[in-house]
Enquirer: 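Got a structure for you, written out below as structure tokens; questions coming shortly.
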Amino acid sequence: MPTRPRTPRVAEKSSPLVVLLRGVNVGGRRTFRPSVLARELRDYDVVNIGAAGTFVVRNPGRSHAAFRARLLRALPAETEVMLCDGRDLLRLETENPFGAEPPSSEVVRFVSVLSAAGAIRAALPVSFPPEGEWLVRVVASNGRFVFGMYRRHMKTIAYLGKIDALFGARATTRNWNTIMAIVRILKEH
């Protein structure tokens, strides 16, 4: 029986992924070196951004589940992982909820990424603490993304932790400058 010529398989071009790890390298807990992890995952063309566990995966392959499994095996400790399609973060730049006006030097803009779209729709804006001068102010949300500002203060991290309850899903937070660094890398790709 004659054999048919095999059609060569063309690798599908998949959209880059953004990986955000929750609660690593914070307060001396679950410490690791993200640059080492990026080197270990070099087959996926991983770019490390800073020390908070933020990565752009330029070649995640066709199976995001296979990449996630490989990532979890490479992590030195059990860690909560949020994966985002790179296109979603590119849209954040054009849909910038903060506007063009820069914040004062004491205020930091942030984006929290929820593990799943929030089960709870919060009435926004919300400030923490609710009385007196705010330390965290949540101003908008869109799907898995929550936008806000915080003031640099010892109690700020505890108030950022309230975003989980506010939206009914686990969240990890990055400042707007980190999000813009991710966008620059995605645009270069």
Side-chain angles (χ1 to χ4, degrees), residues 13-93 96 98 103 107-117 136 143-164 167 169-189:
K13 178 86 170 147
S14 62
S15 176
L17 287 177
V18 176
V19 175
L20 302 123
L21 304 180
R22 178 182 160 110
V24 298
N25 291 345
V26 177
R29 294 181 36 241
R30 293 194 303 201
T31 59
F32 80 110
R33 293 182 47 207
S35 59
V36 172
L37 179 65
R39 277 195 303 274
E40 195 171 327
L41 298 171
R42 68 182 158 271
D43 291 345
Y44 296 99
D45 197 9
V46 174
V47 178
N48 173 49
I49 301 170
T54 305
F55 305 92
V56 174
V57 184
R58 295 189 286 203
N59 183 21
R62 292 190 308 187
S63 169
H64 291 178
F67 169 75
R68 182 185 191 89
R70 175 67 182 93
L71 171 66
L72 292 173
R73 283 192 308 274
L75 288 167
E78 189 173 320
T79 304
E80 199 163 349
V81 175
M82 277 54 155
L83 294 180
C84 300
D85 188 305
R87 294 172 293 201
D88 292 338
L89 275 91
L90 287 169
R91 278 192 289 275
L92 292 183
E93 180 185 36
N96 178 355
F98 302 114
V107 173
V108 176
R109 296 172 175 169
F110 71 85
V111 177
S112 290
V113 179
L114 302 172
S115 57
V136 173
R144 292 178 58 203
F145 302 102
V146 176
F147 307 94
M149 298 170 279
Y150 65 80
R151 289 192 167 102
R152 299 174 201 274
H153 190 279
M154 294 290 289
K155 293 182 181 178
T156 296
I157 195 143
Y159 288 120
L160 285 169
K162 293 183 180 288
I163 291 172
D164 294 16
F167 288 91
R170 305 272 287 169
T172 188
T173 300
R174 300 298 187 272
N175 76 41
W176 186 247
N177 294 336
T178 300
I179 298 299
M180 290 299 96
I182 292 168
V183 167
R184 281 190 298 278
I185 290 167
L186 290 168
K187 284 180 172 181
E188 290 170 3
H189 182 67

Enquirer: Hey, are the side chains of L37 and L71 touching, using non-hydrogen atoms and a 4.5 Å cut-off?
Expert: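 L37 reaches L71 side chain to side chain.
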Enquirer: Take V18 and L83, measure what side-chain contact (heavy atoms from CB on, under 4.5 Å) needs, and give me the verdict at the end.
Expert: CA-CA 6 Å; V18 176; L83 294 180; over 6 Å; no
Enquirer: In Å, rounded to the nearest 0.5 Å, how long is the span from CG of L92 to CE of M180?
Expert: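 Rounded to the nearest 0.5 Å, the CG-CE separation comes to 6.5 Å.
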Enquirer: Could you go through the side-chain contact (heavy atoms from CB on, under 4.5 Å) check for I185 and I182 one step at a time?
Expert: CA-CA 5 Å; I185 290 167; I182 292 168; 6.0 Å; no
Enquirer: Can you see which heavy atom on G86 is nearest to which on L186, and at what distance?
Expert: O-CD1, 3.4 Å
Enquirer: Less than 4.0 Å between a side-chain N and a carboxylate O, is that true for D164 and R22?
Expert: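 Counted as a salt bridge, because a side-chain N and a carboxylate O are separated by less than 4.0 Å.
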Enquirer: Tell me whether the rings of F55 and F32 are parallel (<30°), tilted (30 to 60°) or perpendicular (>60°).
Expert: tilted
Enquirer: Could you tell me which non-hydrogen atom of A116 sits nearest to which non-hydrogen atom of R144, and how far apart they are?
Expert: C-CG, 3.9 Å
Enquirer: Do H64 and R68 have side chains that approach each other closer than 4.5 Å (heavy atoms only, starting at C-beta)?
Expert: no
Enquirer: Between the main-chain N or O of A65 and the side-chain N or O of R70, is there a donor-acceptor pair closer than 3.5 Å?
Expert: no
Enquirer: To the closest 0.5 Å, what do you measure between CZ (R170) and CD1 (I163)?
Expert: 13.0 Å
Enquirer: Is there a donor-acceptor pair under 3.5 Å between the side chain of T79 and the backbone N or O of A77?
Expert: yes
Enquirer: Could you go through V108 and M149, starting from their C-alpha distance and side-chain angles, then the distance that decides it, and tell me whether this counts as side-chain contact (heavy atoms from CB on, under 4.5 Å)?
Expert: CA-CA 5 Å; V108 176; M149 298 170 279; over 6 Å; no
Enquirer: So do the side chains of F145 and L89 get within less than 4.5 Å of each other, counting heavy atoms only?
Expert: yes
Enquirer: Would W176 and F98 count as a ring pair (Phe, Tyr, Trp, His ring centres under 6.0 Å) here? Give the steps.
Expert: CA-CA 10 Å; W176 186 247; F98 302 114; 5.1 Å; yes
Enquirer: Which residue pairs pass the side-chain hydrogen bond (donor to acceptor under 3.5 Å, both in side chains) test with at least one member in residues 107-117, sequence neighbours excluded?
Expert: S112-T173
Enquirer: In the structure I gave you, are the side-chain heavy atoms of L20 and R174 within less than 4.5 Å of one another anywhere?
Expert: yes
Enquirer: If every non-hydrogen atom of R39 is compared with every non-hydrogen atom of R42, which pair is closest and at what distance?
Expert: O-NH1, 2.7 Å
Enquirer: What's the separation between atom CG in L75 and atom CZ in R73, rounded to the nearest 0.5 Å?
Expert: 11.0 Å
Enquirer: Could I get the full list of ring pair (Phe, Tyr, Trp, His ring centres under 6.0 Å) partners for Y159, not counting sequence neighbours?
Expert: none
Enquirer: Between V57 and D45, is there a side-chain heavy-atom distance shorter than 4.5 Å?
Expert: no
Enquirer: Rounded to the nearest 0.5 Å, what separates atom CG in N59 from atom OG in S15?
Expert: 11.5 Å
Enquirer: Could you check N48 against S35 for side-chain hydrogen bond (donor to acceptor under 3.5 Å, both in side chains), going step by step and ending with a plain yes or no?
Expert: CA-CA 6 Å; N48 173 49; S35 59; 5.2 Å; no
Enquirer: Among all residues two or more places apart in sequence or in another chain, which pass the ring pair (Phe, Tyr, Trp, His ring centres under 6.0 Å) test with F67?
Expert: Y44
Enquirer: Taking all non-hydrogen atoms of both residues into account, name the closest pair between R152 and T156 and its distance.
Expert: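 For R152 and T156, the tightest heavy-atom pair comes out as C-OG1, 4.2 Å.
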Enquirer: Is there a side-chain contact between K187 and L90 in this structure, where contact means two heavy atoms from C-beta onward sitting under 4.5 Å apart?
Expert: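 A side-chain contact under 4.5 Å exists here.
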Enquirer: Any non-hydrogen side-chain atom of V146 less than 4.5 Å from a side-chain atom of V113?
Expert: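 Counting from C-beta outward, V146 and V113 never come under 4.5 Å.
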Enquirer: How far apart are the C-alpha atoms of N96 and F147, what are their side-chain angles, what is the distance that settles it, and do they pass the side-chain contact (heavy atoms from CB on, under 4.5 Å) test?
Expert: CA-CA 9 Å; N96 178 355; F147 307 94; over 6 Å; no
Enquirer: State, with a plain yes or no, whether a side-chain heavy atom of E80 is found less than 4.5 Å away from one of T172.
Expert: no
